[in-house]
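What follows is one structure encoded as structure tokens, with my remarks underneath.
Computed from a predicted model, the values in this text were never measured in an experiment.
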Amino acid sequence: MNLNLQKILAILLIPLTAISLAAFLSKNPGQQNLTNPIQEDTLLKGTWAGESICQVKNSACKDEMVTYHITGKNNPALFRINADKIVNGKAVEMGELEFRYEKSNHTLICESANGFWKLTVSGRKIEGTLTLPDKTVYRRISLKKME
């Protein structure tokens with residue numbers, strides 16, 4: 001093959017390769033492959049920080065900056081979340097809850113005496129709610145993975 005033909009083929013193949021790669025990536029935009037339990041475990045475990053905003057105004061609820069520390073348990077579908085609120089720049093422990101991870105919809109679920117927690121994981125973000133037993137949405141949580 002002569003040198004000019006090789007250059008022409010190279011010039012044509014580079015954009016086609018880029019287009020093919022873009023088409024492949026666009027099928028799952030912004031999503032990480034969460035079908036492998038090791039990847040799920042790695043993604044969820046760690047420190048997440050953000051805000052917990054009250055949805056019931058004129059109540060005892062206060063808007064808070066929060067840090068959630070997520071660790072695994074012996075069961076790969078169970079996770080422990082230890083939550084802190086930040087007060088005057090210092091972490092104040094609020095408590096610990098056990099969550100079940102539902103792979104099908106990338107959701108952490110916890111049913112406690114205080115209500116129903118539903119946190120949806122999307123890459124390095126978690127968004128969700130705490131809903132009271134009477135179905136009132138009490139808090140909206142928005143977190144980003146630290147590290």
Side-chain angles (χ1 to χ4, degrees), residues 7 9-147:
K7 287 181 182 178
L9 286 175
I11 290 169
L12 291 175
L13 287 177
I14 291 171
L16 289 176
T17 303
I19 291 168
S20 298
L21 181 60
F24 172 77
L25 293 175
S26 70
K27 291 181 182 176
N28 292 311
Q31 283 190 351
Q32 296 183 13
N33 179 0
L34 296 177
T35 58
N36 182 336
I38 294 170
Q39 289 175 332
E40 290 174 359
D41 190 54
T42 301
L43 174 68
L44 292 172
K45 288 180 182 177
T47 301
W48 299 75
E51 58 187 14
S52 178
I53 304 299
C54 294
Q55 302 301 298
V56 179
K57 304 303 176 196
N58 299 320
S59 70
C61 183
K62 303 284 183 235
D63 293 346
E64 300 168 335
M65 297 306 295
V66 295
T67 304
Y68 286 13
H69 306 281
I70 301 178
T71 56
K73 296 195 60 147
N74 291 338
N75 181 333
L78 296 178
F79 291 85
R80 180 178 297 126
I81 296 181
N82 189 321
D84 297 332
K85 62 182 175 181
I86 309 303
V87 178
N88 297 323
K90 295 182 181 175
V92 176
E93 187 174 338
M94 292 188 293
E96 181 177 285
L97 292 172
E98 183 176 287
F99 283 75
R100 177 181 75 252
Y101 184 68
E102 296 181 355
K103 285 192 260 186
S104 61
N105 55 10
H106 313 291
T107 326
L108 288 159
I109 302 292
C110 176
E111 297 178 47
S112 74
N114 296 331
F116 179 77
W117 296 83
K118 182 178 180 184
L119 305 173
T120 302
V121 182
S122 178
R124 297 181 67 82
K125 291 183 181 180
I126 292 178
E127 293 187 348
T129 56
L130 167 60
T131 303
L132 299 178
D134 69 1
K135 307 293 186 219
T136 301
V137 175
Y138 195 65
R139 290 189 167 277
R140 291 206 182 274
I141 297 98
S142 179
L143 308 168
K144 290 184 182 176
K145 180 97 183 251
M146 305 308 290
E147 292 164 46

Distance (rounded to the nearest 0.5 Å) between [X] [atom1] and [Y] [atom2]:
| X | Y | atom1 | atom2 | answer |
| --- | --- | --- | --- | --- |
| Met146 | Trp48 | CE | CH2 | 11.0 Å |
| Ile53 | Arg140 | CD1 | CZ | 11.0 Å |
| Thr47 | Ile70 | OG1 | CD1 | 9.0 Å |
| Leu78 | Thr71 | CG | OG1 | 11.0 Å |

Does the side chain of [X] reach to within under 4.5 Å of the side chain of [Y], using non-hydrogen atoms?
| X | Y | answer |
| --- | --- | --- |
| Glu51 | Asp63 | no |
| Leu108 | Leu44 | yes |
| Tyr101 | Val121 | yes |
| Ile126 | Tyr68 | no |
| Phe116 | Lys135 | no |
| Cys54 | Arg139 | yes |
| Met94 | Val66 | yes |
| Thr120 | Glu127 | no |

- prompt: With a cut-off of 6.0 Å (strictly less than), are more than 12 heavy atoms of other residues, nucleotides or ligands near NZ of Lys118?
  reply: no
query: With sequence neighbours left out, which residue pairs that include part of residues 89-147 fulfil the disulfide bond (SG atoms under 2.5 Å apart) condition?
result: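 Checked against disulfide bond (SG atoms under 2.5 Å apart) - neighbours excluded - no pair reaches residues 89-147.
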query: Among side-chain atoms of Asp134 and Thr136, is any donor-acceptor pair under 3.5 angstrom?
result: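 Thr136 and Asp134 do have a side-chain donor-acceptor pair below 3.5 Å.
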- request: Kindly write out the residues that satisfy side-chain contact (heavy atoms from CB on, under 4.5 Å) with Ser59, not counting sequence neighbours, or none if the list is empty.
  value: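 For Ser59 the side-chain contact (heavy atoms from CB on, under 4.5 Å) partners, ignoring immediate neighbours, are Val56, Cys61, Tyr138.
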field: Any residue meeting side-chain contact (heavy atoms from CB on, under 4.5 Å) with Glu102, in chain and number order, not counting sequence neighbours
entry: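 Once residues adjacent in sequence are excluded, the partners of Glu102 under the side-chain contact (heavy atoms from CB on, under 4.5 Å) criterion are Arg100, Asn105, Ile109.
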- request: Apply the test side-chain contact (heavy atoms from CB on, under 4.5 Å) to residues Lys144 and Lys125: give CA-CA distance (whole Å), side-chain angles for both, the deciding distance (0.1 Å), then the verdict.
  value: CA-CA 5 Å; Lys144 290 184 182 176; Lys125 291 183 181 180; 4.2 Å; yes
Smallest separation among heavy atoms of [X] and [Y], with atom names:
| X | Y | value |
| --- | --- | --- |
| Gly115 | Pro133 | CA-CD, 4.0 Å |
| His69 | Asp84 | NE2-OD2, 3.0 Å |
| Ile141 | Ser52 | CG1-OG, 4.0 Å |

message: Keeping Ser112 on the side-chain end and Asn114 on the backbone end, is there a donor-acceptor pair under 3.5 Å?
response: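 At least one qualifying donor-acceptor pair exists.
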task: Please confirm whether the backbone N or O of Gly46 pairs with a side-chain atom of Lys145, one donor and one acceptor, at under 3.5 Å?
output: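 Not confirmed, Lys145 side chain does not pair with Gly46 backbone.
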task: Evaluate the criterion side-chain contact (heavy atoms from CB on, under 4.5 Å) for residue pair Lys62 and Lys85; output intermediate values, then yes/no.
output: CA-CA 11 Å; Lys62 303 284 183 235; Lys85 62 182 175 181; over 6 Å; no
